Structures are given as structure tokens and as C-alpha cells.
Amino acid sequence: MEKRRIAILGSTGSIGRQTLDVIREHRDLFEVELLTCNSSFMTLAAQAREFDANNVVICDETRYKALNDALKDSDTKVFTGIKSVCDLVASDRVDIVVASMVGFSGLAPTISAIKAGKVIALANKETLVAAGSIVMEMSRKYGAPILPVDSEHSAIFQCLLAAQGNKVSKIHLTASGGPFRTWDKEKIASATKDMALKHPNWSMGAKITIDSATMMNKGFEVIEARWLFDTPVEKINVVVHPESVIHSMVEFEDGAVIAQMASPDMREPIQFAIGFPERLPLSNQKLDFAELGSLSFFKPDLDRFPALGLAFKAMERGGNIPCVLNAANESAVAAFLRDEIPFYGISDVVGECMEKAQFIAEPTVEDIFATNSRARSDADRLIESIKQKS
Ligand code: MG
């Protein structure tokens, strides 16, 4: 494979760091053109030095000076602000963009990269939840392929390579079930932040770990799959699979099911996206089937995990409602992480914001940004009233 010049948006986060782990094993195949993060300037400076990055951006302007000082005697150019991310990502010197920022903040730079016709390795699922139809339409218009990094979607993508043009009858999206899979409703209701942050299989950032505990993450992934694979939601089946060995499955009209398996380690789907169509050798844990013994499967419980039901509802209503779902969830998860609302407060806030929202059937990009701000202030007001009651 020819050397690829890579930009990593959110390089100090979990996916960003693991992308650099993959690159560390294949230094001859990648040149690090751009690294960006929100505020972790020490980590960003260390990454820039190790990978000899040409440019770095720190979004938090108050950290610019500290980052600049840390990189004073290096060749790396230092920038600040989200506008710089949007500009640099579109540069001729970038071939592939790993979009691994957290939440809605990933939308603007991803749109900028798509408009510049870059290959997008998409880890930021909120981009497709909030603006799926717009982003996919742009991807086609500007010839910017979107390759999934999310493990389930990478699995589906890998299974679809076996389709050979045949019709897919179903996508089976697997879910670990999160840390509260076996808990009853009362116990979940009183779950603390520390309990929710202990994911059984995956080590991830705080926001997505809470989303896994509520199963909102799986709801987002249904929406993400709907857009990435142009598949109606009715054909997407969520199945709880606690071992996280099968990362998803595709069923064909003859009943044959193709599954993709690997140890739960994000470096596998990351390498598949940034190396595609080649598979890069990795020093990850390989599967030992005799050691595994058995794999198990269960139906998801929408009563104990109402967030998953809300995501289905948002998708059914369509328009700007999935954007409301995402925005309200971001505010509510942040409030839960500040110990301001109880665990089920997250789905309560999201559900109420969806009820309240002004429906727009075919939102523009501007509508999406406006919907996002409005839903966040609605959510913040609800959070404030929950806080005062408790
Ligand atoms: Mg996933």
C-alpha cells in the first residue's frame, strides 16, 4: 500500500490513541499530517513529537500557549480553534481523516473533510445520528467514502464484502448489554457514575461508556447502520451478546448468516478502516475458541433500557428528531457524570426533549445546528428542575 497521510481528530481520546497504536506498528505506511484535541495539551505535544506530526490543533484556545511552548523547538506547527481543524482537514496534504472527536462537535470538521473529498474513517457516530441523511448525501456528492470504525459497523462492512451484489435481508447488530445487563430495574435506578463507568468488555471514553450502560449507544448504532448501509430500521435487529466476540452479522435471503469475530479490541476495526482494503498485521489478542467455550445471545429489554426504545422512536419520526435525541443525551450524560441527575434521569430528559421538539421533516445543516442548540437548552432546563427537586 502507498504511504497514506493521515489526520486524526480527537487524537488524545481513546480511539485517537489506539489509532496511533496501529500506526506505531506500521510507521512505514502512514505519515501523521494533523493531530487535534480539545484540551489535553501535554498528551498532544508528546504525540506530535513521537509521530513527527506536521500540524496540531488544540480546540481550547486557553491551552494554545502551553502547547506552543511544549512544541517550541520542534517542526510541528501549532494552531487553535475548531475553525483551524476545519481548514487543515481539507488540506491537499491529507489523504484520510480519522473522525474520532466526541459528540456533536465532530460534525463541522467531518463535513469540511467530506467537502474536500477525503476518505473518512468515522468513529464519531453522533455525526450520523444528528445529520445522517445530510452527511451521506454529501459523501456521495463529493466522492468522500465513509469507512466505519465503530466495531459493529466495521463488522457489518466486513460481512458485506461477502454479499457479491446479493440482497441483505437482515443486519444483526450485537450489543454487550453493558455493566447493568443482569441488574433489575430498581438496582439500575440507583446506579452511580462509578458503577456505570465499569464496562465489562471494552475500555472506552466516559461518554460512550455511559451510553453503553443506558444502551443509548446501541440505539445510536442502529441509526448509524441505517445510514451507512442504506438499510431500513425494520431490517436491523439488536441482539445482546455479552462476550463481545461476534461484532455483528449479516443475513441473506437464503438464511445464511455471515458473522465477523475478533477479540474486543478497537485496534482491529481501526486498522481495517485506515488500511482498507488491506489488512494490516496487528499484535492484538487472537481468538482461542476452545478457551471461549460458548457464546450466548439474548433479547434486549426495552423496559430496563428505555434509551434504546427512544432511539428507535427518534428514527421512526425522522427529520431533526434524532438530532434532538443526540443533543439531549449529551447534556444529560454530562449532568449524570456531574452527579446532578440519577441514571434514569438520562432517558427521562431525552424523552421529554423529544416530546417538546419542534419537528423539521427535511432539516438543512443550519437547521441541525439550531436544533442541537435548542435541544441542549431544553435539556439543561429539565436538568436544573430535577436538581432542585432532589
Ligand atoms: Mg460500537
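If you're wondering where the values come from, they're calculated on a predicted model, not measured in any experiment. Start at 1 with the first residue, then count along the sequence. Whatever order the structure lists ligands and atoms in, that order sets their numbers, starting from 1. Just the heavy atoms: all of them, side chains too, but no hydrogens, waters or symmetry mates, feed the values below.
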Q. Is the number of heavy atoms from other residues, nucleotides or ligands within 6.0 Å of CD (Glu25) greater than 12?
A. yes
Q | Selection residues 254-265 - residue pairs positive for salt bridge (charged side-chain N to carboxylate O under 4.0 Å, His left out), sequence neighbours left out | A | Asp265-Arg267
(Q) I'd like to check the salt bridge (Lys or Arg N to Asp or Glu O under 4.0 Å) partners of Glu352; sequence neighbours left out, ordered by chain and number. (A) none
Q: If you link ILVMFWY side chains whenever their heavy atoms are less than 4.5 Å apart, which other residues fall into the same cluster as Leu287? By chain and number, please.
A: Val239, Val245, Ile246, Met249, Val257, Met261, Phe289, Leu292, Leu295, Phe297
(Q) Any non-hydrogen side-chain atom of Pro179 less than 4.5 Å from a side-chain atom of Met195? (A) no
**Q.** Donor on one side chain, acceptor on other, Ser84 and Asp87, under 3.5 Å
**A.** no
Q | Number of protein N, O or S atoms [distance to the Mg ion (ligand 1) under 2.8 Å] | A | 3
